[in-house]
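Whatever order the structure lists them in is the order used to number ligands and atoms, beginning at 1. Small disclaimer: the values here were computed from a predicted structure and weren't measured.
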Amino acid sequence: MSNIYQIAIDGPSGSGKSTLAKGVAKALNIMYLDTGAMYRTCGLAAIKKGIPCKDVDKVTELMNTMDLQIKFIDGKQHMILDGEDCTEMIRTPEVSVAASDISSLTVVRTKMVDMQREISKAQTFVLDGRDIGSNVLPNAKYKFFLTASAEKRAERRLAELNSRGDFSQNYEEVLRDIEYRDKQDSSRANAPLVKVDDAVLISTDDIGIDETLNTLLSYIDKEDI
Ligand code: DC
C-alpha cells in the first residue's frame, strides 16, 4: 500500500519556509508545493489587468476568467498565467505586496485552497504557506511553524532579491514591506497566519538552514524516510 502523507510548513515572509521546504522535498524525495507562488500569480494577474487587489467585484471576475496552471517540470514548480510562464516574474517586491493584498479576499483563497487540496491528495507533498496546517490540510501528518524576527527576515529577503539582480529596494524598504505583510497576513478574517497547537515551532533567528533542516527531519518517522 502506498504511504501518502503531507508536511505543512507555515510561517511569515522570510522565515526560511521555501528554502527549508525545498530541502525537505529533496531529503525525502517528495514533491514540493509553494502555495505563496499561487497567490503571487493572482497578484500579478491583477497588476497586469490594472485591477486594484482589494476590489472584490473585479477580482471575482478575474478569478473566473484567468487561466492559472501549475506545472511540475523536473520537480520544479512553474506558474503559468494565461499560457505564459511567469515563474520568475512573480518574485518582485511589487508582486509580493499585491499577493498579500489579494490573498485577503475569500474568493481568491477558496479557489487557491481547492487547487492545493486537489494537487496534494494524490502524492506525498510538502507544502509551505500561511494556513496549510490550520486550514488547507488540518490533518497533515506533520506540521511546522517557522519564526524569526522581522529584522532577520528583512536581511534574508534583501539578500535573496540582490542574488536575483534586484536592487530596487534598500533594507528599510524591505523591512517596511515585511511588516506590512505580517500585519495583513496575520489579521485578515479568512485563514490568517496562525500557529496551530499541533505544529512544531522552530525559531530560525540563530540557526542556519542545515541545522533547521536536521531539526525538522528529526520529527519525521523512520518509515516515511
Ligand atoms: O510565501 P510568500 O511570501 O511567497 O507569499 C506571498 C503572499 O501570499 C503572502 O504575503 C500571503 C499570501 N499567502 C497566503 O495568504 N497563504 C498561503 N498559504 C501562502 C501565501
Side-chain donor-acceptor contact under 3.5 Å, Thr106 with Asn190: yes
So, Thr35 and Gln116: side-chain donor and acceptor under 3.5 Å apart, yes or no? no
Which residues satisfy the salt bridge (Lys or Arg N to Asp or Glu O under 4.0 Å) test with Glu84, sequence neighbours excluded? Lys48
Using a threshold of 4.0 angstrom between heavy atoms of the protein and any atom of ligand 1, which residues qualify? Lys17, Thr35, Gly36, Tyr39, Arg40, Ala99, Ser100, Ser103, Arg109, Gly129, Arg130, Asp131, Arg157, Arg181, Asp185, Arg188
Taking distance alone, no hydrogens or angles, what donor-acceptor pairs closer than 3.5 Å link side-chain atoms of residues 138-147 to residues at least two apart or in another chain?
| from | atom 1 | to | atom 2 | distance (Å) |
| --- | --- | --- | --- | --- |
| Lys141 | NZ | Asp224 | OD2 | 2.7 |
| Tyr142 | OH | Asp221 | N | 3.0 |
| Tyr142 | OH | Asp224 | OD2 | 2.6 |
| Lys143 | NZ | Gly133 | O | 3.0 |
| Lys143 | NZ | Pro138 | O | 2.7 |
| Lys143 | NZ | Asp198 | OD1 | 3.4 |
| Lys143 | NZ | Asp198 | OD2 | 3.1 |

Please output the side-chain donor-acceptor pairs of residues 70-81 that fall under 3.5 Å, not counting sequence neighbours, one pair per line with the distance.
| from | atom 1 | to | atom 2 | distance (Å) |
| --- | --- | --- | --- | --- |
| Gln77 | OE1 | Asp34 | N | 2.7 |
| Gln77 | NE2 | Asp34 | O | 3.1 |
| His78 | ND1 | Asp85 | OD2 | 2.8 |

Flag the pair Asp185 and Arg130 as a salt bridge only when some basic side-chain nitrogen lies within less than 4.0 angstrom of an acidic carboxylate oxygen. yes
